[in-house]
Amino acid sequence: MAGRRAALKAIDWMAFAERVPPNQRAMFNALKTRNDALSAKLTSLPEKPPAIDWVYYKTAVAKAGMVDEFEKKYNALKVPEPVDTQTGKINAQEQEAAKSAAEYVQASKSRIVQYEKQLEKFRNMIPFDQMTFEDLNEVFPETKLDKEKYPYWPHKPIEDL
Amino acid sequence: MLSRLGLRAAPAALKSLAPSLSVGPFHTGQRCLAPLPPLPEKGGQVRHGLIPEEFFQFLYPKTGVTGPYVLGTGLLFYLLSKEIYIINHETIAGACVVGILIYIVKKYGGDVAAFADRLNEEKVAKALAVKNDSINQLESIIEQEKREQWRVEGRNYLFDAKRNNVAMLLETNYRERLLTVYNEVKKRLDYQIAVQQLKRRKEQDHMINWIEKNVIQSITAQQEKESIAKCISDLKMLSKSTQLPREERMGSWSSKNNHKSHPAPSSTAAITTTASTSSSTTTVVTITRDKSIFDNPEFLYILVACISAVLLTMLVLTTVYFVRKRKVHNTPQKTSQEQDPADTVHQAPAENSQVPTCPTDEITYASLTFKQKPPSKTAV
């Protein structure tokens with residue numbers, strides 16, 4: 001009994017809800033409703049069934065020995081605890097999730113580094129009114145006019161003007 | 001900027017026009033990659049729009065402030081006097097054109113400059129906007145990435161919740177099992193008890209029915225008659241005991257009461273016999289009830305008599321009253337008739353009352369008017 005009961009951990013649903021991205025909100029809601037339903041069902045059931053009043057039954061029932069037999073068997077009966085099959089799977093899922101999360105974090109960090117580099121470039125740029133066209137082509141390579149492909153002015157297709 | 005552009009563009013232009021040619025002795029060094037100093041805010045100073053300030057500064061140490069002006073004037077006079085510059089038509093035309101040009105530049109120069117500057121500003125502003133947008137976008141993207149990383153940290157919650165769910169399911173299942181065991185055992189025990197009770201009740205009912213049937217069978221006809229007679233006599237005694245106090249109160253009606261009370265015992269006797277047959281206990285439920293004053297028919301006659309007497313007296317009184325009122329009404333009418341027209345010391349009212357004539361009975365027009373005195377009325 002004690003082993004079973006200690007398994008329930010207190011979950012901070014508000015913090016959990018904050019961390020859910022918007023595209024997974026429906027799944028989160030489903031999980032929460034399921035959890036609530038289960039906990040409600042759990043609290044509705046009593047922890048132990050009420051005790052049977054054997055003395056009363058001994059006096060009331062006329063058949064001899066029946067009540068005693070029942071009592072003996074009832075007390076001897078051991079209700080088996082349900083076997084836990086899912087926790088192992090959940091732990092495995094957790095490991096996988098940890099791995100994929102680490103990967104994602106790694107990729108995210110590298111992306112952030114890239115963005116930071118670009119940001120630095122923009123921040124350290126010389127102001128436009130001190131630039132020449134060559135400076136502009138350095139900072140924004142897409143502005144460079146391709147003089148080989150289009151040798152005649154304006155050096156780019158007319159549609160792009 | 002133009003100078004800088006010249007520095008830059010010349011080698012590039014040369015290179016593009018004749019890529020194979022060598023550039024020559026110019027610009028052989030490496031291109032200066034350091035950021036160049038910013039452009040000067042103002043252009044070179046000029047005096048009178050033509051002559052740069054440096055010339056005046058150059059001559060200032062030797063000739064002071066007036067030096068260049070004196071030089072200019074001397075030069076001009078030398079040209080004119082020696083006829084190196086000849087004044088002819090073009091001079092005047094040129095002077096007019098120059099005058100007009102100066103006027104135009106002075107008037108519209110600022111506006112044109114502002115317009116050109118604005119064009120340039122727009123281009124620069126567009127580029128600046130692009131740059132700022134890129135910066136903001138990058139920053140927001142970085143922010144989002146960081147946020148996603150923070151979100152990922154919350155995955156533990158999910159697994160905790162899942163484990164909790166599983167644990168709750170197991171617990172509920174176990175409790176349900178315990179509960180079912182308890183319920184089943186209890187149901188069986190209760191069933192046993194219920195069966196016992198039912199059996200007992202059935203036995204009791206059967207026994208009662210059997211006993212009753214036998215008792216009823218055992219009541220012979222003789223016993224029945226005897227019991228009925230006894231019940232009747234009991235009832236008579238009981239009815240008599242209730243009737244005696246009533247006879248003392250109602251004197252003349254006792255015989256009637258006795259008549260009335262006879263049918264009652266027979267009915268109650270019937271009740272008692274039926275009671276005896278159904279069960280062995282007999283109780284006389286009711287015998288007679290007390291006769292009240294309202295049951296007597298004589299009461300009705302007396303009531304009618306009283307009411308009629310009252311009505312008669314009322315009638316008599318009202319007639320008397322009206323008769324008397326009428327009599328009283330007649331006498332005041334005569335006295336008023338005599339006083340008004342005559343306005344004389346009238347006789348005593350007693351005298352008038354003695355007059356038997358009642359001219360008011362004969363209502364004629366003459367008698368009604370006050371002016372005319374009826375001839376029999378002159379008592380004066």
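Reminder, nothing fancy here: chain letters follow the sequence lines and each chain counts from 1.
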Inset, instruction - Taking all heavy atoms of Glu18(A) and all of Arg151(B), pick out the closest pair and write down the distance. - result: O-NE, 3.9 Å

Legend entry - Gln217(B) atom CD, neighbour heavy-atom count above 12 within 6.0 Å: yes

Inset, instruction - Say whether Lys186(B) and Tyr57(A), considering side chains only, have a donor N or O and an acceptor N or O under 3.5 Å apart. - result: yes

Legend entry - Separation between OH of Tyr74(A) and CG of Leu189(B), rounded to the nearest 0.5 Å: 10.5 Å

Legend entry - Nearest-0.5 Å distance that lies between atom CE in Met168(B) and atom NZ in Lys41(A): 11.0 Å

Legend entry - Largest heavy-atom contact set with chain A, pairs under 4.5 Å, which of Gln192(B), Gln197(B), Glu176(B), Gln196(B): Gln196(B)

Inset, instruction - Return yes when atom CD of Gln106(A) has more than 12 non-hydrogen atoms of other residues, nucleotides or ligands closer than 6.0 Å, and no otherwise. - result: no

Legend entry - Closest-packed option against chain B by number of heavy-atom pairs under 4.5 Å, given Ala98(A), Ala51(A), Ser44(A), Ser100(A): Ala98(A)

Legend entry - Distance (rounded to the nearest 0.5 Å) between Asn164(B) CG and Ile90(A) CD1: 9.5 Å

Inset, instruction - Determine the option with the most heavy-atom pairs under 4.5 angstrom with chain B, choosing from Met125(A), Lys121(A), Gln114(A), Lys147(A). - result: Met125(A)

Inset, instruction - Answer whether the closest heavy-atom distance between the side chains of Phe159(B) and Asn91(A) falls below 4.5 Å. - result: no

Inset, instruction - Supply the atom-to-atom distance Gln93(A) CD to Arg163(B) CZ, rounded to the nearest 0.5 angstrom. - result: 10.5 Å

Inset, instruction - Report, by ascending residue number, the residues of residues 116-143 of chain B in heavy-atom contact with chain A at a distance under 4.5 Å; give 'none' if the set is empty. - result: Val124(B), Ala127(B), Leu128(B), Lys131(B), Ser134(B), Ile135(B), Leu138(B), Glu139(B), Ile141(B), Ile142(B)

Legend entry - chain B interface, residue from Arg34(A), Lys73(A), Glu116(A) that has the most non-hydrogen pairs under 4.5 Å: Glu116(A)

Inset, instruction - Indicate the atoms forming the closest heavy-atom contact of Trp13(A) with Ala161(B), along with that distance. - result: CH2-CB, 4.1 Å

Legend entry - chain B contact via Pro127(A) - side chain, backbone, both or neither, heavy atoms under 4.5 Å: neither

Inset, instruction - Go through Met66(A), Glu94(A), Gln86(A) and name the one with the most non-hydrogen pairs under 4.5 angstrom from chain B. - result: Glu94(A)

Legend entry - Region of Tyr104(A) that comes under 4.5 Å of a non-hydrogen atom in chain B: side chain

Legend entry - side-chain hydrogen bond (donor to acceptor under 3.5 Å, both in side chains) partner of Ser108(A), the single match among Glu145(B), Glu148(B), Lys146(B): Glu145(B)

Legend entry - Heavy-atom closest contact (Arg19(A) atom, Tyr157(B) atom, distance): NE-CE1, 4.1 Å

Legend entry - Structural part of Leu77(A) lying under 4.5 Å from a heavy atom of chain B: side chain

Legend entry - Options Pro21(A), Ala101(A), Ser39(A), ranked by heavy-atom pairs under 4.5 Å with chain B, top entry: Pro21(A)

Legend entry - Smallest separation among heavy atoms of Asp160(B) and Ile11(A), with atom names: C-CD1, 3.8 Å

Inset, instruction - For Arg175(B) and Leu42(A), run side chain to side chain contact (heavy atoms under 4.5 Å, CB included): C-alpha distance rounded to whole Å, both residues' side-chain angles, the deciding distance at 0.1 Å, then the answer. - result: CA-CA 9 Å; Arg175(B) 283 189 194 174; Leu42(A) 184 68; 4.0 Å; yes

Inset, instruction - Applying side chain to side chain contact (heavy atoms under 4.5 Å, CB included), run through Asn165(B) and Leu31(A) and close with a yes or a no. - result: CA-CA 9 Å; Asn165(B) 276 3; Leu31(A) 179 71; 3.9 Å; yes

Inset, instruction - For side chain to side chain contact (heavy atoms under 4.5 Å, CB included), just list the numbers for Gln149(B) and Lys109(A), CA-CA rounded to whole Å, side-chain angles, deciding distance to a tenth of an Å, and then say yes or no. - result: CA-CA 9 Å; Gln149(B) 282 179 15; Lys109(A) 285 209 168 99; 3.4 Å; yes

Inset, instruction - Return the minimal non-hydrogen interatomic distance between Leu38(A) and Thr172(B), and the atom names on each side. - result: O-CG2, 4.5 Å

Legend entry - Phe140(A) atom CZ: more than 12 heavy-atom contacts under 6.0 Å: yes

Legend entry - Within 6.0 Å of NZ in Lys58(A), more than 12 heavy atoms from elsewhere: yes

Legend entry - Contacting moiety of Phe122(A), where chain B heavy atoms sit under 4.5 Å: both

Legend entry - Pick from Asn173(B), Asn156(B), Asn183(B), Val195(B) with the largest number of heavy-atom pairs that fall under 4.5 Å of chain A: Asn173(B)

Inset, instruction - Take atom CZ of Arg111(A) as the centre, draw a 6.0 Å sphere, and report whether it contains more than 12 heavy atoms from other residues, nucleotides or ligands. - result: yes

Legend entry - Validation row: Phe28(A), Leu158(B) side chains within 4.5 angstrom (heavy atoms): no

Inset, instruction - Provide the closest heavy-atom pair for Trp54(A) versus Val185(B) in the form atom of the first, atom of the second, distance. - result: CH2-CG1, 4.0 Å

Inset, instruction - Taking atom OH of Tyr60(B) as the centre, report whether more than 12 heavy atoms of other residues, nucleotides or ligands fall under 6.0 Å from it. - result: no

Inset, instruction - Check each atom of Val20(A) against the heavy atoms of chain B and say whether the ones under 4.5 Å are side chain, backbone, both or neither. - result: backbone

